[in-house]
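Quick note: residue numbers are just sequence positions, from 1. Quick note: numbers below take in every heavy atom, side chains included, and nothing from hydrogens, waters or symmetry partners.
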Amino acid sequence: MAISMQSSSSLWDGVLETTKVAQEKGSDPLLWALQVSSNLSFSGVCLPSVELADVLVSYICWENNVPILWKFLEKALALKIVPPLLVLALLSDRVIPCRSSRPVAYRLYMELLKRYAFDLKCQMNGPNHEKVMKSIDAVLQLSHNFGLPASDPGILVVEFICSIVWQLLDASLDDEGLLEHTAEKSSTWAIKPKEMEIDAHDNYDEKRTEYHERLQNLNTVLAVEIIGKFLQHKMTSRILFLVRQNLPTHWLRLTRRLQLLVVHSSALRNSKVLTAEDLRLLTSDTHITLARESKKGSHQKFHAVRIFGSLVSSAGLSHGASPSAQWLPLDLALEDAMDGYQVNATSAIEIVTGLIKTLQAINGTPWNDTFLGLWIAALRLVQRERDPIEGPIPRLDTRLCMLLSITTLVVANIIEEEENLPIDKSECGSTNHWKERKEPGDRRKDLVSSLQLLGDHHSLLTPPQSVVSAANQAAAKAMSFISGTNTGSAYSDGISMKDMPVNFSGNMRHLIVESCIARNLLDTSAYFWPGYVIGRINHIPHGVSAQAPCWSSFMKGAPLTPAMISALVSIPASSLAEIEKIFELAVSGSDDEKISAATILCGASLLRGWNIQEHTAQFITRLLSPPVPADYSGCDSHLICYAPILNVLIVGIASVDCVQIFSLHGLVPQLACSLMPICEVFGSCVPDVSWTLPTGEEISAHAVFSNAFALLLRLWRFNHPPLEHGVGDVPTVGSQLTPEYLLSIRNSHLVSSGNSHRDQNKRRLSEVAASSSPEPIFLDSFPKLKVWYRQHQKCLAATLSGLVHGTSVHQIVNVLLNMMFRKINRGNHSITTITSGSSGSSGPGNEDSYPRPKLPAWDILEAVPFVVDAALTACAHGKLSPRELATGLKDLADYLPASLATIVSYFSAEVSRGVWKPVLMNGTDWPSPAANLCNVEDKIHKILATTGVDVPSLAAGGSSPAALPLPLAAYVSLTITYKIDKASERFLNLAGPALESLAADCPWPCMPIVASLWTQKAKRWFDFLVFSASRTVFLHNSDALVQLLKSCFAATLGLNAKTISSCGGIGALLGHGFGSHFCGGISAVAPGILYLRVFRSIRDIAFITEEIISLMMGSVREIASNEFPGQRLDKLKRTKNGLRGGQNSLTAAIIRVKLAASLGASLIWLSGGLGVIQSLFKETLPSWFIAVHRSQRENGPDGIVSMLGGYTLAYFAVLCGAFAWGVDSSSSVSKRRPKILRMHMEFLASAIDGKISLGCDWATWRSYVSGFVSLMVCCTPSWVLEVDADVLKRLSRGLRQWNEEDLALALLGIGGVEVMGAAAELIIEAQQS
């Protein structure tokens, strides 16, 4: 009942009076305690009493500091009439500051601490627990000192335990004179008396002083031992783990004090129960964890899930799994980057860095193994296409760029990340994702270890033929260094390998090591690794000429003669200083020197200068955005003055390999930004001015514009609708490549955050962007380009319209038509009279000669769609022959090569509308494919042999000739008029992918027909064209696509073999690339290669996602049936704990289902990007769990298939999320993660709470939730921080109901401050009674 203030005062006065009487009489403490308890109960005071604790401690300290009162206090604690934690808090505040003058009290306080601070379970369940904790907070000022609100009792318990340890620690340091050596030189806590102590009762005789000193020393030892006990005790050590996780600043200060104690404490050395090494180990990150040894069943289950998440390498190897299988997503991503039809706005350095960090975290591999896996994957990429087929596709240079430049820069990023970590953990905020900080340079050591181990992979290190000389040069350099022979750069430039007295046997490792040395990741000590080089060089051969033009002579001041230029173009620069000098010449040299320097930059230094490639590409990009000269006063754009060098640069980087190299280095957005003003300026010029290059070639404004425009359009899929692959509320990565998107990425480089500037790659991209313009640039800055782009989009989306008679556009249309068809006389009418959008004519042109109009390129491009529409309509109505149509279109493309892009746009749109009748490719009106068609069909069958796909016959129409839709027939007829030479290459690189895309949109067998026609023109492209034709089989038949996916899973998992090592894995999935060179002719292509070259043309990504999940789960059933025959499965079920029996088979099965999940996640991520991953978590996975799956019920509710299926889905889901958002919050895309993750976790919690009815097997659901949560806890702990606290608590309750206490605690333990209290309560509740 309630007690008034007056009665309350008299009540405590009565308690004190009772205590005084008992004290004077020397009463039994038990009788005193029973009397006080009875009186308080009678008065309605709830026990244990907060007020009584304060009254007793205040009474004792210090006027009644006598033994009997300490006995009264101890008995009150034993009978639970005062709250122990509050008493300890009150005594801490009173006793610790006075420990020097009252060592006995300090000793008694520590004895009470040992007895009651480690028994929290019963105290947490007390009736006044919340009030007690608030009182403790008031006494010790916990909320103020830790900066957390006092609303959660569990949080206050954590703070209380930490504060007790901290007070004892500071007191001990102070007692030994060590506190002044801390950074703060004082304590946050009250460890010293506020006033000078005067003890009238003390006698200052020598014996008493000696006793006090001895007791003080013993107290310090005991205090240190109690600190050790707090760190050692299961419950309190786990509570301190919560401090480490959620209060990193405080934990850092605490551990620094502990380290000081470990090194300098004499009390610690005097302890008989605790050593300095013990205390050091107790404070290490490996000891302070949430793991426990009790309740083995629960721990084993959590451990089993952890094994699934990151398999121990030895377990994997012992069951036949290839150690490279865990890097399968990396192999797929690297191979996907080789698709020449797609450039990426994001640097491959950033993509691969994120992917490597993801796989390292989820696989749980050390960094030396991770680096080794990266090198091996990149080497496999090179070996897969040692001699690629010919065609407009990336060749070996792009693959070597990925190995020797991009991969090295990825490693540099990862090492720099470690070495730039803040020394003070307080700079990092929460430490949820922390491992124990190792010494700076550990990752460098891991790099060395990985490269030393790489020497054992001899088959991967054999250099392709074109790289043998470079590999030998690298080996020669190392051998020269070891031998002490001073050769200099002239040596490597002037010496031919055939002149050397030894065979260097250079391999790819030598090139990798040189790449690392060039970027300061290694030093020349690598040359002394065992087996790195064999033999020595004792002298330089006398027959070596030192007069050959080379980089060394250029650096010494030799002039740029034609011979020198030719040499520098063909030999890559070996150092940054060399390429910087060339760049300076391109900026400030004479006009001829500028052009020569630009030519050199675009030569071998860009393609094969792997050690400085990123700098070369950066310099070229900067040269494409020249500054306004200080003395420039013209009214036209200053870019016109730079026309010759701009044209040399643009033509020099127009090859497929060069564009891909720019893409891999992340320079596509800035390259586009540099090309846009060039297109804007030169496209607005009337072509009455020309420039003569040093080679004698004359170029016009049209030429500069066309070259720049063709290159610009290759930087995004300009002939595709911008949202063709849209999924959910975010389009796929590929479909985002629009001019606006590229500019937005470029602008984002300008505003990179401070943290990103620690990343070399982002810092480099930021510098490149700022060098062109320090301000953001938008499409509105280029009005002519914007007008064309809007017309281009309109052309793709709707039927052509809008040509008005008498307008300037109409006049240009007529002028162009007369130019194209000047030799055609149709009576009194020219071809313009049948223009669909016009009604007039300018009359027939001169048949013999027609002067080409002097029109700006943008005006011509605006008219081209109407021109092509008129010409195609005329051909359809018989007014133009096919030959005349093709000739006229070629004349238009020769007049303005950039018009090819608009022709592509028009034909792509018209093919998709399907309104044009097919024309017969009969060899009379249109070219005939008959000569090659059967051969093409036979080769397609060979290429698809391993997929099991039925290839439709190409002769579906019997003996009738092949047919193509009119727009496609016209376009292929136009393209085969181009010569296969360097001059036409840059335009064929634009037209080729568009032709394939256009043909793929037409019915089967249009693409094989196109391939047959083109092989007559370019026989050396036969393999490439047939392979392109084979891909379209999957675009016209969803069953064929599903069969291809099924082949990918079957090949990867080796389902018909006993072990993955004997059949399956990455080798079976990706094979040897295309492989015509591999077997002396076209052979079957691995299913993974086929899918990677097909998926970008698949529009229904949602269908692909569902099929991949279905095939993945089907693979799980097949794996289980192989690993667990009927009798063994029954035996496994009967075994105790369900896991022990058949453990080897279970481990082998988990390895293989993990590989299936890895493949599924990789394919979905590559196919759909961020949009499909978001849809996966929001819609696909919830729908899958809600739906009923009959096949999963075949093995009963506790079947191993169901359990493996759930774990597979969990691993698959976490991998998908990690691919999309990263494992941490370092990338910008991680900002999208919290919203989607919260939705998915809310679904899990609601289903566990019974709010959602599930249709899947219960064992599948349980293993999915356990697996997903455990993978988050172990591999992506930063994700847990993004989940709502209430959801975490609900999930934790559900896991505990499933007897997953350790996992429930681990989830709360890293869930942040908001759930720290709940985690503490769970720790205390789990305390053994």
Item to check | Any donor-acceptor N/O pair, Ser781 side chain to Ile777 backbone, under 3.5 Å | outcome: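 No; judged by distance alone, with no hydrogens or angles, the pair does not exist.
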
Checklist entry - Can you check whether Ser570's main-chain N or O pairs, donor with acceptor, with Arg608's side chain at less than 3.5 Å? => result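 Such a contact is found between Arg608 side chain and Ser570 backbone.
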
Sequence neighbours left out, cut at 3.5 Å: what donor-acceptor pairs do the side chains of residues 897-904 make with other protein atoms?
from, atom 1, to, atom 2, distance (Å)
Ser899, OG, Leu892, O, 3.4
Ser899, OG, Leu896, O, 2.6
Thr902, OG1, Trp788, NE1, 3.2

With sequence neighbours left out, write down each residue that passes side-chain contact (heavy atoms from CB on, under 4.5 Å) with [X], or none if nothing qualifies.
X	value
Cys641	Tyr632
Ser744	Tyr741
Glu680	Phe782, Pro783, Lys784, Leu785, Trp858
Thr695	Leu693, Glu697

For [X], what residues pass the side chain to side chain donor-acceptor pair (under 3.5 Å) criterion, not counting sequence neighbours?
X	result
Arg1020	Glu390
Asp397	none
Thr621	none
Thr975	Trp1014

Item to check | Trace of the ring pair (Phe, Tyr, Trp, His ring centres under 6.0 Å) decision for His702 with Tyr895 | outcome: CA-CA 8 Å; His702 275 186; Tyr895 166 57; 5.5 Å; yes

Item to check | Distance, nearest 0.5 Å, that separates CD of Glu614 from CG of Leu606 | outcome: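 With rounding to 0.5 Å, CD (Glu614) is 11.5 Å from CG (Leu606).
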
Checklist entry - Would you find more than 12 non-hydrogen atoms of other residues, nucleotides or ligands less than 6.0 Å from Glu698 atom CD? => result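 Atom CD in Glu698 is packed in, count exceeds 12.
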
Under a 4.5 Å cut-off applied to non-hydrogen side-chain atoms, are [X] and [Y] in contact?
X	Y	answer
Pro774	Leu750	no
Phe682	Ser706	no
Gln793	Arg790	yes
Trp691	Ile640	yes
Leu861	Phe709	yes
Glu767	Gln618	yes
Leu639	Pro677	yes
Pro776	Phe778	yes

Checklist entry - Can we say Arg519 and Glu416 salt-bridge, meaning some charged N sits less than 4.0 Å from an Asp/Glu carboxylate O? => result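 Salt bridge absent between Arg519 and Glu416.
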
Checklist entry - Would you call Glu740 and Lys786 a salt bridge, taking side-chain N to carboxylate O under 4.0 Å as the test? => result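 Lys786 and Glu740: not salt-bridged.
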
Checklist entry - For Leu409 and Arg764, what are the C-alpha separation, side-chain angles and deciding distance, and is it a side chain to side chain contact (heavy atoms under 4.5 Å, CB included)? => result CA-CA 12 Å; Leu409 291 170; Arg764 187 164 48 247; 3.9 Å; yes

Checklist entry - With under 30° as parallel and over 60° as perpendicular, where do the rings of His615 and Phe619 fit, or are they tilted in between? => result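 Correct class here is tilted.
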
Item to check | Inter- and intrachain pairs under ring pair (Phe, Tyr, Trp, His ring centres under 6.0 Å), touching residues 384-408, at least two apart | outcome: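 Checked against ring pair (Phe, Tyr, Trp, His ring centres under 6.0 Å) - neighbours excluded - no pair reaches residues 384-408.
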
Checklist entry - Looking at Leu560, Leu601, Thr599, which one forms a side-chain contact (heavy atoms from CB on, under 4.5 Å) with Leu568? => result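 Answer to the side-chain contact (heavy atoms from CB on, under 4.5 Å) test with Leu568 among Leu560, Leu601, Thr599: Leu560.
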
Item to check | Set of residues satisfying salt bridge (Lys or Arg N to Asp or Glu O under 4.0 Å) with respect to Asp894, sequence neighbours excluded | outcome: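 Lys890.
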
I'd like a table of donor-acceptor pairs (distance under 3.5 Å, sequence neighbours excluded) in which one partner is a side-chain atom from residues 647-671, with atom names and distances.
from, atom 1, to, atom 2, distance (Å)
Asn647, OD1, Asn707, ND2, 2.8
Ser655, OG, Cys658, N, 3.2
Asp657, OD1, Arg395, N, 2.9
Asp657, OD1, Thr398, N, 3.3
Asp657, OD1, Thr398, OG1, 2.3
Asp657, OD2, Arg395, N, 3.4
Gln660, NE2, Ala337, O, 3.3
Ser663, OG, Asn344, N, 2.9
Ser663, OG, Asn344, O, 3.4
His665, NE2, Ser405, OG, 3.4
His665, NE2, Gln613, OE1, 3.2
Gln670, OE1, Arg746, NE, 3.1
Gln670, NE2, Ser674, OG, 3.3
Gln670, NE2, Ser772, OG, 3.0

